Amino acid sequence: MDDALRRIGFTCRIGSTVQDLDSLVFNCKEYQKYDSFLFYFSGHGGSNSFYLNRHININEFMDRLGEIKFLENKPKIILLDCCRVNELPEGRKGIKDPNDVYIVYATNTDEQSFTTSYPTKGGHPKNVSMWTKELVDSLNKNEPVEIEKLIDDCYRKLVIANKKNSIRHPQHPQVHGYKRRQLFI
């Protein structure tokens, strides 16, 4: 995903802890030079949270994003590639209606995110989620794509993969977010 996003012009920062999240996202001073914000997470999660070295509630994450002055009136895209099962009890409260945040989940509530094999630069396959594979394949087409179309394309490809692989509990990407303007990646 990192390579695909860099290739289309995103500046990427990588972290894996809550401390990284604080320094790379919430304490970054470079936002004034960017026209949008994209956060991609792949790992463990619950219905309304994702897990670094502790659960991060989506509503709290969005609240903190809303406090970043340099991101005001800029589109914020959150891509969460994680299961949405086994949630902590307090996490089932639901997601706020995001103001200027577009959240895309790889799965619907109570679904798992499934993996598949994907070739790396060295030609060796590695396991990635089916959703990330489809997302990267779509981003690698070298053409600007409206985010809703991108997600629809990934959804259709996942339906085909679910049937092809006889997955009994398929995953269905879910979108929360504002529709006030078209967003292109």
Side-chain angles (χ1 to χ4, degrees), residues 1-107 109 113 126 128-129 131-132 135-136 138-140 144-148 150-151 154 173-185:
M1 178 61 86
D2 179 53
D3 289 340
L5 289 172
R6 286 181 195 277
R7 197 179 40 65
I8 61 173
F10 279 89
T11 300
C12 299
R13 293 175 177 85
I14 299 171
S16 60
T17 67
V18 172
Q19 294 78 14
D20 293 337
L21 188 68
D22 283 339
S23 66
L24 297 174
V25 175
F26 300 119
N27 296 322
C28 180
K29 304 296 183 215
E30 300 175 21
Y31 290 128
Q32 66 268 21
K33 64 182 176 181
Y34 301 116
D35 60 1
S36 63
F37 172 85
L38 186 143
F39 176 82
Y40 167 80
F41 172 80
S42 181
H44 298 289
S47 63
N48 295 330
S49 67
F50 58 94
Y51 187 82
L52 292 168
N53 50 336
R54 70 172 174 82
H55 281 270
I56 307 295
N57 180 282
I58 298 299
N59 290 327
E60 292 170 13
F61 182 76
M62 288 192 311
D63 286 346
R64 288 197 62 198
L65 278 181
E67 294 169 3
I68 300 173
K69 182 179 111 181
F70 295 118
L71 290 178
E72 284 179 2
N73 301 315
K74 293 181 181 180
K76 294 171 251 331
I77 302 165
I78 301 172
L79 305 174
L80 297 174
D81 187 0
C82 52
C83 298
R84 296 185 65 203
V85 296
N86 301 324
E87 180 60 77
L88 300 172
E90 65 271 14
R92 287 255 179 220
K93 294 178 183 166
I95 295 175
K96 295 181 200 175
D97 184 24
N99 266 351
D100 56 353
V101 180
Y102 196 90
I103 306 171
V104 183
Y105 294 97
T107 65
T109 305
S113 180
K126 82 175 196 180
V128 298
S129 85
W131 186 73
T132 292
L135 195 58
V136 168
S138 294
L139 290 172
N140 283 337
V145 62
E146 201 268 327
I147 194 162
E148 294 223 12
L150 177 72
I151 300 310
C154 290
Q174 185 182 30
V175 176
H176 287 275
Y178 73 107
K179 312 263 195 254
R180 285 180 273 170
R181 58 181 147 172
Q182 287 183 306
L183 296 176
F184 286 84
I185 291 184

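The first residue of the sequence shown is numbered 1, and numbering continues consecutively from there. Every value quoted in this text rests on a predicted model; they were computed, and no experiment measured them.
- Put simply, the side chain of Leu80 reaches to within 4.5 Å of the side chain of Phe39, judged on heavy atoms.
- Side-chain contact between Cys82 and Tyr51: absent, with no pair of heavy atoms (C-beta onward) separated by less than 4.5 Å.
- Interatomic distance, Phe10 CZ to Ile77 CD1, rounded to the nearest 0.5 Å: 5.5 Å.
- Rounding to the nearest 0.5 Å gives a distance of 11.0 Å between SG of Cys12 and OH of Tyr40.
- Interatomic distance, OH of Tyr34 versus OG1 of Thr11, reported as 3.5 Å (0.5 Å rounding).
- Side-chain contact check for Asp81 versus Met1: every heavy-atom pair is 4.5 Å or farther apart.
- Atoms CG and CG, on Leu139 and Leu5 in that order, are 6.0 Å from each other to the nearest 0.5 Å.
- Residues passing the side-chain contact (heavy atoms from CB on, under 4.5 Å) test with Phe26, sequence neighbours excluded: Leu21, Asp22, Phe61, Arg64, Leu65, Ile68.
- When every heavy atom of Met62 is checked against every heavy atom of Ile103, the shortest pair comes out as SD-CD1, 3.3 Å.
- The two residues Ser49 and Ile58 come nearest to each other via the heavy atoms N-CG1, 3.9 Å.
- In this view, Asn53 and Thr17, Val18, Gln19 satisfy the side-chain contact (heavy atoms from CB on, under 4.5 Å) rule, not counting sequence neighbours.
- Atom CG of Leu71 and atom CG of Asp35 lie 11.0 Å apart (nearest 0.5 Å).
- Under the side-chain contact (heavy atoms from CB on, under 4.5 Å) criterion, Ser16 pairs with Asp20, not counting sequence neighbours.
- Lys74 places no side-chain N or O within 3.5 Å of a backbone atom of Phe37 that could act as its donor or acceptor partner.
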